[in-house]
Amino acid sequence: MAKITDNNGAKDLKPDTRLVVAGRNSAENHGFVNPPVIHASTVLYPNAADLVAHRARYQYGRRGTPTSEALEDALRAIEGPGCAGVCLVPSGAAAVSTALLSVVSAGDHILITDSVYRPTRLFADTILKKLGVETSYYDPLAGAGIAKLIRPNTRAVFVEAPGSQSFEMQDIPAIAQAAHTANATVLMDNTWGTPLFFRAFEKGVDISIQAGTKYIGGHSDLMLGTISANETAYPKLKETVATLGLCVGPDDIYLALRGLRTLAVRLERHQKSALEIARWLANRPEVLKVMHPALESDPGHAIWRRDFLGACGLFSLVLKPAPEAAVHAFLNALQLFGMGYSWGGYESLVILFDCSAYRTATRWAPGGPALRFHIGLEDKGDLIADLERGFSALSRTP
Ligand SMILES: *Cc1c(COP(=O)(O)O)cnc(C)c1O
């Protein structure tokens with residue numbers, strides 16, 4: 001029997017197996033396990049007739065190479081049924097802006113969750129506004145009630161669940177149903193869930209976005225955005241990516257493919273450690289509340305249970321009111337948790353955040369200083385010892 005190293009063979013396999021086999025095409029690649037990294041701009045045509053007719057499997061580096069196709073194929077296999085195609089762009093932020101541009105025209109109205117990743121809000125409030133597209137922000141808890149906010153010219157609803165700082169869950173199937181009734185496209189930033197833990201296309205999403213920079217890359221060494229689309233949305237999306245001239249360098253694509261192969265095992269560990277550490281934090285006297293949808297106490301837990309297949313390593317907490325100096329002392333005392341604005345890599349991270357300045361549909365007043373943690377692949381006992389160091393610095397600082 002032929003060995004399975006491509007999408008045709010991968011189709012009927014479980015997600016973890018698809019992560020391993022999809023997009024490799026070993027038979028076409030001289031038997032090598034991994035696809036080649038092709039550095040390319042020009043493609044040579046064999047004769048004048050083919051040149052004039054643009055008749056070639058690959059036409060130009062920007063329009064796709066065996067390397068970019070390998071990652072697109074692998075991601076399509078992992079998204080599974082409902083995903084017609086995947087486009088690669090240079091960052092998660094570019095994935096958000098390109099996906100939105102592929103859907104809207106001047107005079108349209110769109111709805112975006114108030115809990116959205118902040119640069120998404122910035123794109124809507126500046127470039128989309130300048131192009132004549134109006135944005136309203138909605139309460140992430142709106143659920144089916146979002147129907148009331150849909151106008152005759154509402155072209156798209158942009159969801160993200162949970163919010164990547166404030167962790168509200170959303171009833172995405174209900175929102176998608178309301179949007180589709182009004183003929184609006186549903187876009188989702190699914191970076192937190194990844195295609196493994198949130199099956200976007202089965203839940204009514206039309207275009208699903210990943211900051212590939214995060215868990216797909218997984219090693220804090222690349223920038224990448226991926227946009228997966230259903231049959232209806234894919235042609236316009238592909239055309240928009242091509243017209244904007246977007247493409248990704250082959251070395252970054254290769255790193256993403258390499259990261260993808262271990263996504264399932266990494267996520268399993270991120271999930272387990274993060275949940276145990278979240279439970280430990282929830283019992284600390286310094287902590288007001290932990291925002292993690294997999295915790296039974298979380299207001300979004302029922303939706304998470306119903307719609308998600310897992311939780312990644314990212315969650316937040318609110319400390320009981322404490323002076324700024326004490327919170328800084330907590331952060332500065334940590335030796336394993338780095339301070340930096342990203343997540344999804346193998347290492348643990350923490351940031352301070354405050355959404356109050358830019359929310360427009362909801363009020364952010366959590367009752368104390370808010371911290372976001374990314375739990376990496378370190379030993380969880382070591383991480384807890386690190387957090388204990390932080391808490392003792394916090395209580396020592398007046
Ligand atoms: C990081 C992030 C992005 C943007 O990804 P970049 O690759 O950094 O541009 C988009 N959405 C979410 C939820 C993110 O966390």
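One-based numbering, in listed order, for ligands and for the atoms of each.
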Suppose I only count heavy atoms of [X] and a 4.0 Å limit; which atoms of ligand 1 are within that range?
X      : result
Ala93  : 4 (C), 5 (O), 6 (P), 9 (O)
Trp343 : 15 (O)
Ser91  : 7 (O), 9 (O)
Glu160 : 13 (C)

Give me the residue, atom name and distance of the protein heavy atom closest to [atom].
atom                   : answer
atom 6 (P) of ligand 1 : Gly92 N, 3.3 Å
atom 7 (O) of ligand 1 : Thr213 OG1, 2.5 Å
atom 8 (O) of ligand 1 : Met223 CE, 3.6 Å

What ring-ring contact (aromatic ring centres under 6.0 Å, His included) pairs are there with at least one residue in residues 335-362, not counting sequence neighbours? Tyr215-Trp343, His219-Tyr346, Phe337-Phe373, Phe353-Trp364
All side-chain hydrogen bond (donor to acceptor under 3.5 Å, both in side chains) counterparts of Tyr45, not counting sequence neighbours: none
Less than 6.0 angstrom separating the ring centers of Phe198 and Phe308, yes or no? yes
Tell me whether Glu296 is salt-bridged to Arg305, with the criterion being a basic N under 4.0 Å from an acidic carboxylate O. no
Pick whichever of Asp189, Val116, Val89 has a heavy atom sitting closest to atom 12 (C) of ligand 1. Asp189
Among Lys214, Gln165, Arg118, which residue places a heavy atom closest to atom 14 (C) of ligand 1? Lys214
Paired with Leu319, the side chain to side chain contact (heavy atoms under 4.5 Å, CB included) test is passed by just one of Val327, Leu352, Leu288, namely Val327
Looking only at side chains, do Gln210 and Thr226 share a donor and an acceptor under 3.5 Å apart? no
Take the angle between the ring planes of Phe391 and Trp280 and call it parallel below 30°, perpendicular above 60°, tilted in between. tilted
